[in-house]
Amino acid sequence: MTTDTATPDLSTAVEAAVEAYAGDPGFLIPMLQDLQADLGYVPAEAARHMADLLHVPLSQLYSVATFYKSLSLVPRGKHLITVCLGTVCYLKGAKEVAARIESQLEVGPRMTTKDGLFTFEPVNCLGMCGLAPVMVIDDDHFTEVRPGQVPDILARYSGKEN
Ligand code: FES
């Protein structure tokens with residue numbers, strides 16, 4: 001028996017994610033990933049419904065959702081910008097690249113621009129240290145990035161259709 005706390009669309013998405021793994025809480029991470037793929041993020045209402053269905057504490061679900069950078073509890077922008085702030089990238093100027101992005105887009109870490117176009121998420125080490133500093137937008141990788149390149153890189157996505 002579960003409590004019906006989510007709206008019909010959210011309920012359907014949550015139930016599909018849970019059923020895909022036979023309701024086994026051991027598959028909480030892929031369930032949340034499926035939910036995120038379906039809804040674009042993990043809404044609080046959906047998280048509560050999933051916790052109810054799986055009989056796991058909501059705190060456990062949030063703990064997983066906040067640990068994994070691929071999961072988001074808030075809606076993300078159309079384009080996800082990731083800048084590595086790992087040690088090598090940091091020493092090679094990633095902090096300045098991140099600062100340029102933040103000032104140009106008027107966002108802080110893990111924030112989305114007012115127009116919903118970009119979400120900015122600093123991370124630690126993308127495994128490409130030899131090409132530091134590294135910046136990723138969606139699936140596009142930019143290496144040895146200098147702060148002065150940021151406006152041109154962002155412009156490619158600002159005018160991008162879909
Ligand atoms: S520290 Fe940036 S890719 Fe490893």
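Whatever order the structure lists ligands and atoms in, that order sets their numbers, starting from 1.
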Please list, one pair per line, the donor and acceptor atoms closer than 3.5 Å that link side chains of residues 82-103 to other protein atoms, with sequence neighbours excluded.
from : atom 1 : to   : atom 2 : distance (Å)
S103 : OG     : A99  : O      : 3.3
S103 : OG     : R100 : O      : 3.2

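The two residues V134 and L131 make their nearest non-hydrogen contact at CG2-O, 3.7 Å. The two residues Y62 and A47 come nearest to each other via the heavy atoms OH-CB, 4.0 Å.
Defined by atom type and a distance below 3.5 Å, a donor-acceptor pair is missing between the side-chain atoms of D138 and Y157.
Identified under the ring-ring contact (aromatic ring centres under 6.0 Å, His included) test for residues 94-118, with sequence neighbours left out: H79-F118.
The contact shell of ligand 1, taken as protein residues with any non-hydrogen atom closer than 4.0 angstrom, comprises C84, G86, V88, C89, C125, L126, G127, M128, C129.
Residues that satisfy the salt bridge (charged side-chain N to carboxylate O under 4.0 Å, His left out) test with R76, not counting sequence neighbours, are E121.
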